[in-house]
Every structure is written in C-alpha cells, then in structure tokens.
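For reference, the structure discussed in these notes is given below.
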Amino acid sequence: MGMTITEKILAAHAGKDKVGPGEIVQVRPDLLMINDVSGPMAVDAFASVGAKRVFDRHKVAVILDHFTPNKDVNAAKASAKLRAFAKDQGLPHFYDAGFGIEHVVLPELGLIRPGDLVLGADSHTVTYGALGAFATGVGSTDLAAAMALGETWLKVPETIRLDFRGRSSRWIGGKDLILLAIGEIGVSGALYCSMEFGGEAISRLDMDGRFTMCNMAIEAGGKAGIVEPDEKTEQWLREVMESTGGRAGTVSDGAQFRISLRDLRSDKDCTYREILSFDVTDLEPQVAAPHLPSNVRPVSDLKSVEIHQVVIGSCTNGRISDLRAAAEILKGRKVNRWVRTLIIPGSRRVYAQALREGLIDIFVDSGAVVAPPTCGPCFGGHMGALAEGERCVSTTNRNFTGRMGHVTSEVYLAGPYVAAASAVAGRIAHPEEV
Amino acid sequence: MEILGRVWKFGDNVDTDQIIPGQYLSIQDPKALGKHCMEGIDRGFSARIKPGDILVAGANFGCGSSREHAPVAIKACGVGAIIAESFARIFFRNAVNIGLIAIECEEACRRIGSQDEVLILPEEGLIKNMTTKEEFKFAPYPPLVADIVKAGGLLPYVRMRLRGREGE
C-alpha cells in the first residue's frame, strides 16, 4: 500500500518508512511560528517549564501581525514581550509590525519549502500546504512545548482528495473553489483530515490561489490542506530565491528537501478516506453568507444584500494577485459613498509591488482606505470594526457571529473580484455588473 | 477525580469567536478572560455559572481559531468539563494541554437537558445524569493523551521530559 503526500511528510519527520491514519507519531518540525496573539502565552509557558533556550533558534519564527500597529496598551505589552523574547533567544526570524501577515510573509521569505513540517500557533498555518508542506495550527502551550523539546506528537490524519475539474470563467479564483468545497462538505466535513487539492483546475491555478485554498482548509475542520508540488511551485520558489537574494532556505539545515520533489506526491495505490470531485465549468463566483463559511451561495442569489463595508486583504486574499483583481474592478471607478472600503496588502513586499504597479493609486483614487499590513479587521481585533446590524463583504476567512465587531453585524465572505464590485455597487454584486 | 455540576447547553459549531471574541485576545490574564467567556453567544454566562458546572454542546465545538484564550476562558470562569458530540481538533488539543476535561459522547449530548445535574468520572469513562438517573459511557483518551491528562496538562509533562533529558 502506498502513502499520501501527507503521510510521506509525517513519516519522514517521524523517522519512519511508513505511517498510516490514526497512528500517533512524534515528529521533529522544520519551523515553529508564534504571533502577538498566541506568542505571549507561549513565551510564559516556555519559561514556566524551566526551558532556557529554544531547541533551534533558526527554527522559531516570531511575527507581530494581529494587533499591530499596536491597538492599545495591552497589545503593546504583548509585542514588547515577544520582542524581548526574540532578542534574548537570538532569533533571526523575528518580524516586527509592518512586515506583514504571518502566512503571507513566511512563504515569501522562502522559509517554507515543499516537504517541510511546520507548526504555527495560529489556525491558518494550514496555508503553507500550498507549497507541498504539511503545516498545521496548534495552541500556545503546544507550541511552547515544541520550542522546548524540538518535537511534538501528531495523529496521522486520513486524507480526503478533492479534485477540481473543468475550465472556469475569468472571475473565478481560489476563493471560489474553496468556498464551493466547504459549502459542499460543511464546516466539520474534513474534521481531523488532510485535504489534498488536485485536478486540472488546481494545476491551472496560480500559487496565490493555492495559498487561498489551503488557508481555508481549517474552515472545513481540516488538519491540513495540501497541494502536490508541480512546475508552478518550483517556478514560484525560484522567484522567491531570486527576490530574497538567495536567503531562501536559511531555516537551519538549509536547502535540502526532506523528500525529493519528485516523491512529494501521493502514490497511486495510497488510501483516501474519500475522493470528491467538483466541476468548475460555468461556476458563478461564490459567497459565504452569515454565519458559517459553509453557508455558500452563488453571488446572484445575494444581489439584494446592501452592505456598509468591504475589506480586501488578510492571510486568505491579501496577495498581489488579489490586489490586481481588486484594481481591475476599481480602476477609474469610485466606491459607493456609503461603503467604507479597506484594502490591506498582506505584507510590505506585496505593498511595495502594488505601489510599483500603480495599484495603490487606483485604490486611493477610488476612495478606498489603504491600510498597513495587519490581521486587524478580519477577527474584529482593530480597524474596521462593524456596528450593530452592519454588513461587510470581506475577502477574509471567517464569518462567525460577531467575527468583525458587534454580535448583530454580518460578514459575507467572497473573493477580491466580488468584494471590489460590491464596494462600487453598494450591495453584493457580480463583477460583470460594474 | 470527579466533576459534579449543572449543565449549560449549546448547539453545533460553537466557534472560538463566540467563546472569546477577538477584541479580547490581547488579554493574557485567565481571570480577566473568564469574565468574557461565551460573550459572543450568551452574554452574562460567566456571571451565572457556578464552579464545576458543565458545558454540553453539539458537533464541532471550538471550531475556528487556535486561540488558547478560548479553553483558558472556559476553565477560568469555573467550568468543570465540556461534553460535546465532537470537538474541533485544535480546541481539543488546547483543552487537554491546559487540563480542561473535554469528552466526546454523542448520546449524552442528545439526552442530557439544560440544568440537569451531571456527574462525570473521567477515569472510568462514565457520565451520570443525577436528574434523570441515566448513564453514558465514553471512550477513554488514547495512551499518550491520557499521559498528558494524568500529568495535569502538557506543561507538567514537558517539565518531566526536560528533567529526564538533563539527567541523561
């Protein structure tokens, strides 16, 4: 019996030839990550067990992105605590406010590589699966234990294969595909499972779209989302290497992949819990209505919904392709005067690229607010909070009750084309309407 | 070890934003977090609850973010245990790690009513509804998880492991 890509990565990091679903293994991660929400508790827990040094200072990344630029004194204290920890431990991978959102920043710095095993104290750590890595979210205490011991336990998950077939319209991106899948299987449809995305529509999808898809695996309860690396992955990694001046792979043991790229795919005779197939031909842009990411409808069903705010950004859709999509709609247009429109580049690098391409000018001219990279509004942390009864179209990942503000406010999740079109229309709109 | 308390019932897919809304995530103090426990779904919950009370919920309890603030808030406001049809995986791990009892038992969740008095015997895998005299069995934790629970959470367990390494 063969193994899935997920099982191969876990086996390699557990020092085993073979692992199977349900097996509990001790694994040695390639990278650990904490942020300004999960980090302070992790740092306290780390100290409380009597640990002095992290197991490998090159393998612990600290990034301040949730409440930064500091929302208030509590947030400032949390940031200060992590800054002191990074200094004390001599961590090379410390990224202060402004670098950007963890799941945008770490891949673009070349810190995530195919075949890696990554644990992050953030549920959207699953994003890195787009590069063919196994990445999953844990809590602060788990992360603290891993920082001290250099290992953790994981139950090998069953894998669900999701194949996307057909050729979709130009308005369809990774967000629409993942919403389609979550709408089908539900918010616990992949509970404890690895979601392996494949098929011709995924082969055609760019890396930014794949990041978006893997990012939302957690919204179906998934332990990981993963895409088998292909030419697009390799090309993307080559560009990252060039743009970072060869700094890519500075995570300790350097450029060696744990498993050769060629072997980083599921064997033909592997076992899937189930194989699901989605036809994306003629697919309409998808929108998740309140209050679950699985409450998915085609955009035309929601055209009468008036909105008060639009947010374009986040670890889900804050990459350059997302901003290009938004700019394509907003160019030469004005956002509706009753819709606050926030556009948040996912990282400093994305911001700089958007500046070079003239996208920021387009956004400012349209009447949008361009904010510094931060997770802020996505989780109702800071900036862009919603008042009672207000509705927001957002390219983020969760539309739970009260997620972005008041408990009676509503969040509609969509891709950047629909979000930008809705900002112009003042209600939920198909990009062809504007 | 046993837990005895009144039941507060919740439905499916109670997410971590409902358990502790995002605006409170810059708070680290467990007591302060406890005051806002379940604020996104049931304002005033933390004032009504008595130490040892039990949450009984539907499927996928604790879905959403990895914020450990969620189980910390639940534990700090006095909840003795959570029984759910199923848990989101990060929440379950976090609960175990901080020593908060989380039990999966579908039948118990369906049969136990709001305000029933319930006794949980974790080591025996037994839930007794003192109000209706019904009993429910649940599967014990797998070995490694049981070790962590027995040690009182992950931190005591890690402390033990680190001491072992120093001795090597």
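In what follows, chains carry the letters A, B, and so on, assigned in the order in which the sequence lines appear, proteins first and then strands, with residues in each chain numbered from 1. Values below: every heavy atom of this structure, side chains too, minus hydrogens, waters and symmetry copies. Quick caveat: nothing in here was measured; it's all calculated off a predicted structure.
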* Between V187(A) and chain B, which part of the residue has a heavy atom less than 4.5 Å away: side chain, backbone, both or neither? -> both

* CZ of F400(A) to CD1 of I19(B): how many Å apart, nearest 0.5 Å? -> 10.0 Å

* Heavy-atom closest pair, residues I90(B) and G139(A) -> CG2-N, 4.1 Å

* Asked: Does anything in residues 110-138 of chain B get under 4.5 Å of chain A by heavy atoms, and if so which residues?
  -> none

* **Leading residue by heavy atom contact count with chain B [cutoff under 4.5 Å; candidates G137(A), G380(A), G402(A)]** => G137(A)

* **Contacting region of L149(A) [heavy-atom separation from chain B under 4.5 Å]** => both

* Check each atom of I41(B) against the heavy atoms of chain A and say whether the ones under 4.5 Å are side chain, backbone, both or neither. => neither

* Asked: Heavy-atom distance under 4.5 Å to chain B: side chain of A51(A), backbone, both or neither?
  -> both

Could you list each N or O donor-acceptor pair linking chain B to chain A at a distance under 3.5 Å?
residue: D17(B); atom: OD1; partner: R403(A); partner atom: NH1; Å: 3.4
residue: D17(B); atom: OD2; partner: R403(A); partner atom: NH1; Å: 2.7
residue: N60(B); atom: ND2; partner: V187(A); partner atom: O; Å: 3.4
residue: G64(B); atom: O; partner: R398(A); partner atom: NH2; Å: 3.1
residue: S66(B); atom: OG; partner: D122(A); partner atom: N; Å: 3.3
residue: S66(B); atom: OG; partner: S123(A); partner atom: N; Å: 3.3
residue: E68(B); atom: OE1; partner: S140(A); partner atom: N; Å: 2.7
residue: E68(B); atom: OE1; partner: T141(A); partner atom: N; Å: 2.8
residue: E68(B); atom: OE2; partner: T141(A); partner atom: N; Å: 3.3
residue: E68(B); atom: OE2; partner: T141(A); partner atom: OG1; Å: 2.2
residue: R89(B); atom: NH1; partner: T136(A); partner atom: OG1; Å: 2.9
residue: R89(B); atom: NH1; partner: G137(A); partner atom: O; Å: 3.3
residue: R93(B); atom: NE; partner: D142(A); partner atom: OD2; Å: 2.7
residue: R93(B); atom: NH1; partner: W153(A); partner atom: O; Å: 2.8
residue: R93(B); atom: NH2; partner: D142(A); partner atom: OD1; Å: 3.3
residue: R93(B); atom: NH2; partner: T152(A); partner atom: OG1; Å: 3.2
residue: R93(B); atom: NH2; partner: W153(A); partner atom: O; Å: 2.8
residue: N94(B); atom: OD1; partner: G139(A); partner atom: N; Å: 3.2
residue: N97(B); atom: ND2; partner: D142(A); partner atom: OD1; Å: 3.2
residue: N97(B); atom: ND2; partner: D142(A); partner atom: OD2; Å: 2.9
residue: R159(B); atom: NE; partner: S48(A); partner atom: O; Å: 3.1
residue: R159(B); atom: NH2; partner: S48(A); partner atom: O; Å: 3.3
residue: R161(B); atom: NH2; partner: E151(A); partner atom: OE2; Å: 2.7
residue: R165(B); atom: NH1; partner: L149(A); partner atom: O; Å: 3.3
residue: R165(B); atom: NH2; partner: L149(A); partner atom: O; Å: 3.1

* Structure fact -> Answer key: most heavy-atom pairs under 4.5 Å with chain B among I218(A), V407(A), L191(A) is L191(A)

* In terms of heavy-atom proximity below 4.5 Å to chain A, should P143(B) be classed as side chain, backbone, both, or neither? -> neither

* Contact class of L25(B) relative to chain A, heavy atoms under 4.5 angstrom -> both

* **Partners passing side-chain contact (heavy atoms from CB on, under 4.5 Å) against A145(A) (at least two apart in sequence or in another chain)** => L154(B), V158(B)

* **Test side-chain contact (heavy atoms from CB on, under 4.5 Å) applied to A57(B) - qualifying residues, sequence neighbours left out** => F10(B), F61(B), A84(B)

* **For the student: nearest non-hydrogen atoms of I24(A) and P142(B), plus distance** => CD1-CB, 4.3 Å

